[in-house]
Amino acid sequence: MGRAERKAEAREEIVRREQHRERRRQISRILHKPATERSPGERQLLQNYGELVQELERQRQRRERLRGREQEVVDGTEILQKKVSELADSVREAEHMVIYTGAGISTAAAIPDYRGPSGVWTLLNKGQSVSTGDLSEAEPTFTHMCIARLHRAGLVQHVVSQNCDGLHLRSGLPRDATSEVHGNMYIEVCTSCSPHREYVRLFDVTERTALHKHNTGRFCHKCGGELRDSIVHFGERGKLAQPLNWVGAVKAAKKANVILCLGSSLKILKKYHCLWGMNRPSSRRPRLYIVNLQVRPNYIFV
């Protein structure tokens, strides 16, 4: 095929794509009309392009589902009281309770969540900018302090958190009872020392770090090795023993007979199968309670 033929074929392909886009726009405009207002020609066009109509309808349903998941739902007083009473009984009777927390428990500290109406992903998907204040000034919320109090009372054995804000540690929750599986933005680590040496800062250590680039630019006072942050980005596998503490998380999950999830859509956490006890017989699996304002999707562990 000569150069002129290739150019002609490329032009034809561009024309076909533009015609297809225009057809999609035309069909979409018709579908937005009430069925009673469509002309005979428009109804015939929908019949002629049945596959395209079905594709656009699937896209519309998908968008509606996504919008539905972004909406926050609050139970009525009577229903809420019944659920709270059931959860309180379960907490009191639990032999080994583990709490899994997400960004929703930190919104009261002016830290945005991800999938809420004003969440990071929600705003970015709408093309809007995300602004946050100085996260180093954030203080533990009422939820953080209640969790710490429940641990001191012996009612909660372990907390597994997806949050990087460090508020669980600021609440007084012990390190050995906490697994920050996505890291802590205030902790940098010297991996040259054995065992690893941690530096807990009052400032965000991630100002120079990014995906696959974890060195902070500061150095260990003991060995001179370069320090790295502890954050686990999407697409990465966390390897640090602390503050991730996966050993503690898995150990607690194996013992758990009650799991309480707070402020999380669980879209990420549900992928960690080791946390849900699904390898146990169904009669011995932990009871699962989810406290979240957004409607949860169908999970593999219900």
Side-chain angles (χ1 to χ4, degrees), residues 98-116 119-120 130-152 156-191 193 195-211 213-218 220-221 227-234 236-249 252 260-266 268-269 272 275:
V98 180
I99 294 182
Y100 299 162
T101 66
I105 74 165
S106 295
T107 54
I111 299 175
D113 59 10
Y114 291 95
R115 296 178 175 85
V120 173
V130 179
S131 60
T132 58
D134 185 356
L135 300 187
S136 65
E137 296 180 357
E139 297 183 356
T141 67
F142 183 75
T143 303
H144 291 94
M145 300 309 296
C146 286
I147 292 172
R149 182 68 177 270
L150 287 170
H151 178 266
R152 288 196 297 272
V156 173
Q157 279 65 49
H158 201 85
V159 175
V160 179
S161 182
Q162 302 172 87
N163 301 338
C164 304
D165 53 35
L167 294 183
H168 279 304
L169 296 186
R170 294 190 186 192
S171 73
L173 199 64
R175 294 293 301 277
D176 59 359
T178 310
S179 295
E180 297 174 296
V181 294
H182 292 160
N184 185 316
M185 60 191 291
Y186 300 104
I187 294 179
E188 52 188 341
V189 181
C190 175
T191 56
C193 286
H196 293 172
R197 187 180 303 276
E198 287 185 312
Y199 291 80
V200 181
R201 308 296 194 184
L202 296 176
F203 55 86
D204 180 2
V205 305
T206 67
E207 69 273 14
R208 299 180 182 177
T209 66
L211 177 67
K213 297 179 181 180
H214 292 279
N215 291 338
T216 64
R218 289 173 288 274
C220 176
H221 80 284
L227 303 180
R228 57 155 294 165
D229 70 13
S230 61
I231 301 300
V232 181
H233 295 275
F234 288 113
E236 294 182 333
R237 183 181 295 274
K239 297 180 180 180
L240 293 176
Q242 292 291 349
L244 278 57
N245 193 16
W246 269 108
V247 172
L260 173 59
C261 303
L262 301 175
S264 173
S265 68
L266 300 181
I268 301 300
L269 208 59
Y272 301 129
L275 297 179

Evaluate side-chain contact (heavy atoms from CB on, under 4.5 Å) for Cys220 paired with Leu227, printing each intermediate quantity in order. CA-CA 6 Å; Cys220 176; Leu227 303 180; 4.0 Å; yes
Tyr100 and Leu275: side-chain contact (heavy atoms from CB on, under 4.5 Å), yes or no, with the steps? CA-CA 9 Å; Tyr100 299 162; Leu275 297 179; 3.5 Å; yes
Criterion salt bridge (charged side-chain N to carboxylate O under 4.0 Å, His left out) on Glu207 and Arg218, from CA distance to verdict: CA-CA 12 Å; Glu207 69 273 14; Arg218 289 173 288 274; 3.1 Å; yes
In sequence, state the C-alpha distance, the side-chain angles, and the governing distance for Val98 and Val156, and then conclude on side-chain contact (heavy atoms from CB on, under 4.5 Å). CA-CA 6 Å; Val98 180; Val156 173; over 6 Å; no
Salt bridge (charged side-chain N to carboxylate O under 4.0 Å, His left out) between Glu188 and Arg228, intermediate numbers included: CA-CA 5 Å; Glu188 52 188 341; Arg228 57 155 294 165; over 6 Å; no
Go through the steps to decide whether Ile99 and His158 satisfy the test side-chain contact (heavy atoms from CB on, under 4.5 Å), and finish with yes or no. CA-CA 6 Å; Ile99 294 182; His158 201 85; over 6 Å; no
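In terms of heavy atoms, Pro174 sits closest to Thr178 at O-OG1, 2.8 Å. When every heavy atom of Pro140 is checked against every heavy atom of Ser171, the shortest pair comes out as CG-N, 3.7 Å. Nearest heavy-atom pair, Phe203 versus Tyr186, reported as atom, atom and distance to 0.1 Å: O-CD2, 3.2 Å. The two residues Gly183 and Ile231 come nearest to each other via the heavy atoms C-CD1, 4.1 Å. Taking both residues in full, the closest heavy atoms of Pro243 and Ile187 are given as CB-CD1, 4.0 Å, listed atom of the first, atom of the second, then distance.
Inter-residue side-chain proximity for Arg197 and Val189 is flagged as unmet; no heavy-atom pair is nearer than 4.5 Å. When side chains are defined from C-beta on, Asn163 counts as touching Ile105, because their heavy atoms get closer than 4.5 Å. Between Gln242 and Arg175 the shortest side-chain heavy-atom distance falls below 4.5 Å. When side chains are defined from C-beta on, Asp176 does not count as touching Asn245, because their heavy atoms never get closer than 4.5 Å. Under the 4.5 Å side-chain criterion, counting only non-hydrogen atoms from C-beta, His151 is in contact with Leu173.
Going from atom SG of Cys261 over to atom CG of Leu269 covers 7.0 Å, rounded to the nearest 0.5 Å. For the atom pair Thr191 OG1 and Lys239 NZ, the distance stands at 11.5 Å (nearest 0.5 Å). In this structure, NE2 in His144 is found 10.0 Å from CZ in Arg170, a value given to the nearest 0.5 Å. Rounded to the nearest 0.5 angstrom, Leu244 CG and Asn184 CG are separated by 10.0 Å.
Although no hydrogens or angles enter the test, the distance criterion places no donor-acceptor pair under 3.5 Å between the side chain of Arg201 and the main chain of Met185. The main-chain N or O of Val181 is never found under 3.5 Å from a side-chain atom of Ser179 such that the two would form a donor-acceptor pair.
With respect to Asp229, the side chain to side chain donor-acceptor pair (under 3.5 Å) criterion is satisfied by exactly one of Thr209, Asn215, Thr216: Thr209. Each of His168, Glu180, Gln162 was scored for a side chain to side chain donor-acceptor pair (under 3.5 Å) with Thr101, with one residue passing: His168.
Between the side chains of Ser106 and Asp165, a donor-acceptor pair is found at a separation under 3.5 Å. Using a 3.5 Å distance cut-off with no hydrogens or angles, the side chains of His214 and Glu236 do pair a donor with an acceptor.
Ring orientation note: the planes of Tyr199 and His221 are nearly perpendicular, at an angle over 60° on the 30°/60° scale.
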